[in-house]
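I have placed the structure first, in the form of structure tokens, so that the comments after it can refer back to it.
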There are 2 protein chains.
Amino acid sequence: MRADAKRNYDRIVEVAREVFRDQGYDASLDEIAKRAEVGPGTLYRHFPKRENLLDAVMQSWVDRVHETTDKALTHEGSDRELLLNWFEEYVALISQHKGGPAKITSAMGNPDSPIMTKCQVLSEANGRVIERLGEHNALRDDVDVIQVCRLVGGVATVADQAGLDADAVRPMLEVLADGLMR
Amino acid sequence: MRADAKRNYDRIVEVAREVFRDQGYDASLDEIAKRAEVGPGTLYRHFPKRENLLDAVMQSWVDRVHETTDKALTHEGSDRELLLNWFEEYVALISQHKGGPAKITSAMGNPDSPIMTKCQVLSEANGRVIERLGEHNALRDDVDVIQVCRLVGGVATVADQAGLDADAVRPMLEVLADGLMR
DNA sequence: ACCTGAACACCGTTCAAGT
DNA sequence: ACCTGAACACCGTTCAAGT
């Protein structure tokens with residue numbers, strides 16, 4: 001990649017991260033191009049679909065997912081508390097930007113999505129937690145990782161779109177945790 | 001209301017019902033106006049916000065909600081089966097149009113939404129089922145009607161946006177049902 | 001090879017003119 | 001009182017011209 005191309009690429013991603021944070025995932029691409037001081041064509045050259053830009057923005061967020069999962073697995077307390085705590089972290093992880101929970105959760109399990117690799121990161125994180133609880137025989141034996149992603153993602157999506165706070169989300173996650181445990 | 005106004009109102013709603021069914025809730029209002037053979041201003045006069053049009057389109061659907069609830073309450077079988085069967089009907093009811101589950105579920109509990117009365121119909125329907133199961137002491141005593149609407153609506157939203165079929169939805173509803181029962 | 005920015009298409013929304 | 005449709009603003013997307 002040529003030096004000026006890389007410079008533009010980085011500027012666009014940096015600006016997009018700010019704009020998505022402030023205005024959500026449906027923010028105007030035109031404004032992102034303007035703020036990054038590039039023509040709209042340049043943005044399209046680097047990111048043919050909006051989701052390609054989302055994927056680039058989420059790149060720096062992968063590390064945080066791993067850290068959060070590591071930390072959740074060291075949780076002291078009952079299996080139920082561990083699971084519940086993880087679900088809250090999961091909701092927080094995918095709710096960084098308005099509109100994020102819906103986009104991420106609907107892409108989950110779709111191999112053609114531009115954000116597929118990010119979905120895999122989340123799916124694997126969930127897998128680690130489920131596996132740990134599986135060692136204790138704490139979960140139903142028919143639980144599917146992707147189903148759990150969709151269930152918790154569904155709660156996050158509703159919370160995001162209805163503007164619910166953590167206090168309103170918690171009891172819903174409790175229902176999920178109870179429904180998933182033996 | 002003047003005769004020509006009523007005629008236009010009815011035409012718009014009729015056309016909108018078809019277009020929403022074919023293209024989902026995000027269909028172009030311009031196209032609806034064109035197909036109904038009215039100017040865009042006429043559509044805006046009758047329906048200042050898109051959701052006012054949704055509300056009018058959903059009017060004829062209220063009867064079906066009541067019928068479906070009546071039928072679900074006569075279900076022979078265990079409490080769990082009754083609840084599960086009702087959840088499946090609920091998902092079907094709010095999934096008539098693409099984009100519907102998200103709009104309806106995020107409006108749930110918001111008194112300012114133009115589709116508030118439709119949300120109340122759904123909430124009351126859920127209340128009747130919960131009350132019935134409450135008589136048998138089958139449910140946790142801390143379940144809130146609106147939480148149930150959000151949980152089942154969240155599953156419906158994810159299914160709608162990811163294009164999942166009934167077979168993929170069922171196990172998720174089972175988790176919800178199990179999590180809600182004692 | 002990459003960028004620019006004019007140009008196009010589409011959509012929501014408003015409002016002056018008309019009946 | 002209601003309708004019409006031109007007009008405006010905004011946005012995504014493309015592509016010929018330029019470096």
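Each chain gets a letter, A, B and so on, in the order its sequence line appears, and its residues count up from 1. The structure displayed is predicted, hence computed values, not measured ones.
- B:Met116 and B:Val148 fall into different hydrophobic clusters, defined by Ile, Leu, Val, Met, Phe, Trp and Tyr side-chain heavy atoms under 4.5 Å apart, directly or through other members.
- For D:dG18, the paired base is C:dC2 (Watson-Crick or G-U wobble, both distances below 3.5 Å).
- Of the candidates C:dC3, D:dC3, C:dG12, C:dC3 carries the atom nearest the A:Asp4 side chain, counting heavy atoms from C-beta on.
- Across every strand in view, C:dA9 sits unpaired, with no contact that passes the Watson-Crick or G-U test at under 3.5 angstrom.
- Regarding B:Leu53, its CG atom lies at a distance of 11 Å from the P atom of C:dG12, rounded to whole Å.
- Taking atom CG of residue A:Asp26 and atom P of nucleotide C:dC11, one finds them 17 Å apart after rounding to whole Å.
- Summarising the geometry, the separation between OH on A:Tyr44 and C1' on C:dA7 is reported as 14 Å, rounded to the nearest angstrom.
- The nearest whole Å value for the distance from the CZ atom in B:Phe47 to the P atom in D:dC2 is 13 Å.
- Regarding B:Ile32, its CD1 atom lies at a distance of 15 Å from the C1' atom of C:dT13, rounded to whole Å.
- In the hydrophobic clustering of ILVMFWY residues, with side-chain heavy atoms under 4.5 Å counting as a link, A:Phe87 and A:Ile130 come out together.
- In terms of position on DNA chain C, the residue among B:Pro48 and A:Gly39 whose nearest nucleotide sits closer to the 5' end is A:Gly39.
- Following rounding to the nearest Å, A:Leu29 (CG) and C:dC10 (C1') show an atom-to-atom distance of 16 Å.
- When rounded to the nearest whole Å, the span between CG of A:Asn52 and P of D:dT13 equals 11 Å.
- Checking the phosphate oxygens (OP1, OP2) of D:dC2, no side-chain nitrogen or oxygen of B:His46 falls inside 4.0 Å.
- Distance from the side chain of B:Ala5 is smallest for D:dC2 among the nucleotides C:dC3, D:dC2, D:dG5.
- With DNA chain C read from its 5' end, the first of the two nearest nucleotides for B:Arg2 and B:Ala27 is the one closest to B:Ala27.
- No donor-acceptor contact under 3.5 angstrom links the side chains of A:Gln23 and A:Lys98, judged on distance only.
- With respect to A:Arg170 and A:Glu174, a salt bridge is recorded, a charged nitrogen being found less than 4.0 Å from a carboxylate O.
- The two residues B:Leu53 and B:Ala16 have their closest heavy-atom pair at CD1-CB, 3.9 Å.
- For A:Asn8, a side-chain nitrogen or oxygen approaches OP1 or OP2 of C:dC3 to under 4.0 Å.
- Using a 4.0 Å heavy-atom criterion, one finds that B:Thr42 contacts the bases of the nucleic acid, with or without backbone contacts as well.
- Look at CZ on A:Arg45: it is 16 Å from P on C:dG5, rounded to the nearest Å.
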